[in-house]
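In what follows, a structure is listed as structure tokens, so that the remarks can point back to it.
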Amino acid sequence: MVGITGYGGYVPRLRLQRAAAAKANAWLNPGLMGKSKGERAMANWDEDAITMAVEAARDALGTGDDRSRVKALFFGTTTAAFSDRLNAGIIQAALTLEPDTACFDVTGTQRAGLSALANALNAAKAGVGEALAVTGERRKARAASAQEMDGGDAGAAILVGTKDTLADHIGSAVTTADFVDHFRGSGEEFDYAWEERWIRDEGFAKIVPPVIKAALANAKIEAAAVDVFILPTTFKGVAESVAKKAGLKPESVKDQLGAQVGDSGAAHALVLLAHALETAKAGQVIVVAQFGQGCEAHVFKTTRKIESWKPERGVSGWLADGKQETNYMKWLVFNGLVEWEKGMRAEKDNKTALTTLYRNNDMILGLVGGRCTETGTVQFPRTRISVNPNNAAVDTQEPYKFAEKPASILSWSADNLTYAMSPPNHYGMMVFDGGGRIFMDITDVDPGDVDSGTPVRMVFRVKEWDDRRGFTRYFWKAQPDKRRKASAKAAAE
Amino acid sequence: MAAGIRDKVAIIGMGCSKFGERWDAGPDDLMVEAYLEAMGEAGIEPSQLDAAWFSTHIDEIGTGKGGTPMSLALRLPNIAVTRVENFCASGSEAFRGAVYAVAAGAADIAVAVGVEKLKDTGYGGLPVGNMGTLIPQTSPNGSAPGNFAQLASAYRTKHGVSKEDLKRAIAHVSVKSHANGSKNPKAHLRNVVTEEQVLNAPMIAEPLGLFDCCGVSDGAAAAIVTTPEIAAALGHKDLVTVKALQLSVSNGLESQHNSWDGSYFHTARIAAKKAYKEAGVEKPREQISMIEVHDCFSITELVTMEDLFISEEGKGWSDVLNGFYDADGKVPCQIDGGLKCFGHPIGASGLRMLYEMYLQLKGRAGDRQLANPKLGLTHNLGGSPSTNVCSVAIIGQQGA
């Protein structure tokens, strides 16, 4: 039977304190003070839907080099970097999935994340092998808006297949209705939303319950047997009232993670699903639904394997790694909501030579270097002549993946001179366990966080934007690895 | 090994413009200033020049490509002009070309001019460069101080030096260069600074503060070289000759192979060893009278003291603090103020270093004249610690 074979999540490190945002804007909109509780996940300046999806996928797939089991990839989002360039293809390249992986963008609605999962399930059911549903969303909202307070940035990934399932897919239902609770026209930055009360009463209350019932009927499951019910919404009490209408137990309603993450839009159903799976017990029934121009719902029943399988960090691991951000100005800058003085150094032309990008695709997007088959010397980038000073072997290098290899800092600086979105810009020479080194940017870092010897892990991030041409450039960066730092410290003690 | 250049070529004239924020001068004006001084001293006519080498680094602003900017500015008599570029070591590269042309017998008299006009960008620091189509897609978003600051963290870690001790040692590097620069009328920065000022200056790139960074200057420098025989025939006495010219270029080892620990310049050590051999120097700490090194940043100068084998490895920082490289120390370093205070017009800097050594050897260094220098070494570096070119040249009194 087709079902979930792995899952992962991602929540960016920064957590905007809602009280700070509310306080900054209360003079404009006193009502925001009513939303001043908790925190929302805030993407670093160099994170977007794609990079968060990549992190979540790594969380689900683990650190092994061989990912050839993944035969299809569906990326659900409404905030991808490109309208016409396969965003899922960028993710495929970053994950170094095989070229024969079928990749698709699923978009256009807030239920795109769950629709990506539906597509993955269908692909696995059709026999392609394992399929990966990934999602990521970097919510963009106007300053001083309710959406700014309610939203959150996050990603999730669900791997599906037919063998060794953690949760079997036992039923589903869908309905499509051109119910426009909000929209974002092509090329527009921000949502335009209709009245909440109408969305609640005519949307959620009338459209969702029949779909839940239909999915349960399809799964041949009694409503009362549902252990976990996931329905992302920012409206208070709506998931509970939908559950009641569908006959579900009140205690089955999954917490929205509103106080820690916020609503991550199209990503949120899978974020909540990944989070729920972390603590699920064998034999539980999980219903996950997502609303948007209709509704989609899927029913899963966990297997015994659910209790032994764990993601690399999981949503809860990322949640525990947060850093409180109280600087609302930083939020504005990171989200392009304010014109700030970048200085003349920012005038550098970031035009990307697409020929160069393609020629070096696995190097740039996959962080793939080379390993000499004669001497074992590992290097980045891969070259025809080996860098080994004692044996400059020619044409001996095979591809060698760096992205999942642990590394540490050899040298570094924190640079106040260079143009940076989050100064000072940290960068340095990273040396990898197992060989090789890369001189690269360090991200998710504050002054005083790093020194020579600090463990780091690689993260896929936005390198630069080419604002003039609308191109986003991606590469890998080093992120201080607090988990390894902690374990190294524990070992020393 | 090749026989080498020792004593085969003499310098008969050198010139150097005033360095600094030369709002009044374009690159052509700067070249003319340096060139006329050198020609005046050589006592020759332009028609006696056989070939010219021209160094300038940055294409984006200023001087321009090819040999024509120099030929036009100096109205050279339609002789060969070769433009060379090797990052911040471009000036040494121009000198190398001219010297080799004379040594080869292809030219009787050759001229080298280096120039950079940096202060036409509208902002402080070096212009943001164009690194081609691949490097910008992967390399960090950094600056020269951030790249060179890397040395500090690696040096501290390797030698177990505390942050505070190293910060104080590099502060001393700058205090010393300001003291020296204050005596140099052509220097860009002529103010004396205290250790306290240096330590408390705004941070540019951890741990380098404002005073750990060299001046960004406009300027030009020139050299005229010929054979010792022709020099003598022209009436030149007490000749200064070239003893060694070495250049070592990174091949990716530092940036791609884990054998390099990030605390020193791999190329500098290779170039220094070869230069000492070429010049017949066996004990540099004893035999070298004075040095002009590439102190683009204070930390660069500090590790270079070890790379040149004058300080023992791991002892450079304490030699610096003990005043070994001060004007009254055993081996004065940056007696003209160095890049730090004389300034760093990139394409000119290698020639500017030689200019000071030349003045000292000729006994014409004014207030900053050292007693009886015999051999002067210049160390001119370009790139970053992990990927660079390094020139080490030695000049001295004929027969020394």
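In what follows, chains carry the letters A, B, and so on, assigned in the order in which the sequence lines appear, proteins first and then strands, with residues in each chain numbered from 1. Predicted model only: the values in this text are computed from it and were never measured.
The closest side-chain donor-acceptor pair between A:Asn335 and A:Arg138 falls under 3.5 angstrom. Inspection of the A:Thr375 and A:Asn391 side chains reveals no N or O donor paired with an N or O acceptor under 3.5 Å. Residues A:Ser411 and B:Gln150 bring a donor and an acceptor atom of their side chains to less than 3.5 Å of each other. Using modelled atom types, one finds no donor on one side chain facing an acceptor on the other under 3.5 Å when comparing A:Ser413 with A:Asp415. For B:His178 and B:Asn191, the side-chain atoms include at least one donor-acceptor pair closer than 3.5 Å.
If you measure heavy-atom distances from B:Thr157 to chain A, the contacts under 4.5 Å come from the side chain alone. With a 4.5 angstrom heavy-atom cutoff, A:Phe380 touches chain B only via backbone atoms. Only the backbone of B:Leu126 comes within contact range of chain A, with heavy atoms under 4.5 Å apart. In this structure, the portions of B:Thr133 lying under 4.5 Å from any heavy atom of chain A include both its backbone and its side chain. Contacts of A:Thr355 with chain B are absent, with no heavy-atom separation under 4.5 Å from either backbone or side chain. Interface residue A:Arg473: only side-chain heavy atoms are found under 4.5 Å from chain B. When heavy atoms are compared at a cutoff of 4.5 Å, A:Glu464 approaches chain B solely by way of its side chain, counted from C-beta outward. With a 4.5 Å cut-off on non-hydrogen atoms, A:Ile409 does not touch chain B at all.
Between B:Phe87 and B:His57, the ring-plane angle classifies as perpendicular under the 30° and 60° cut-offs.
Of all the listed residues (A:Gly453, A:Pro381, A:Pro447, A:Gly436), the one sharing the greatest number of non-hydrogen pairs under 4.5 Å with chain B is A:Gly436. Heavy-atom pairs under 4.5 Å with chain B peak, among A:Met429, A:Gln379, A:Arg437, at A:Arg437. When the candidates B:Ala154, B:Gly262, B:Ser143 are compared by the number of heavy-atom contacts under 4.5 Å with chain A, B:Ser143 comes out ahead. For chain B, the option among A:Met344, A:Met363, A:Lys351, A:His426 with the highest count of heavy-atom pairs below 4.5 Å is A:Met344. The candidate with the highest count of non-hydrogen atom pairs below 4.5 Å against chain A, out of B:Asn147, B:Thr121, B:Leu208, is B:Asn147. Chain A forms the most heavy-atom pairs under 4.5 Å with one residue out of B:Ile204, B:Leu253, B:Asn251, B:Asn141, and that residue is B:Asn141. Across A:Ile442, A:Ile385, A:Ile438, A:Leu357, the residue that shares the most heavy-atom pairs under 4.5 angstrom with chain B is A:Leu357. Most heavy-atom pairs under 4.5 Å with chain A: of the set B:Gly252, B:Ser139, B:Gly132, this distinction falls to B:Ser139. Chain B forms the most heavy-atom pairs under 4.5 Å with one residue out of A:Leu367, A:Ile364, A:Thr418, A:Val378, and that residue is A:Thr418. When the candidates B:Gly146, B:Gly124, B:Ser386 are compared by the number of heavy-atom contacts under 4.5 Å with chain A, B:Gly146 comes out ahead.
Ring centroids of B:His188 and B:His344 are separated by 6.0 Å or more, keeping the two rings apart. Remark: aromatic rings of A:Phe471 and A:Phe82 are close, center separation under 6.0 Å.
Closest approach of B:Trp317 and B:Glu306 over heavy atoms only: N-OE2, 4.2 Å.
Checked by atom type and distance alone, the side chain of B:Tyr276 pairs as donor or acceptor with a backbone atom of B:Leu308 at under 3.5 Å.
In this structure, NZ on A:Lys348 lies 11.0 Å from CZ on A:Arg345, to the nearest 0.5 angstrom.
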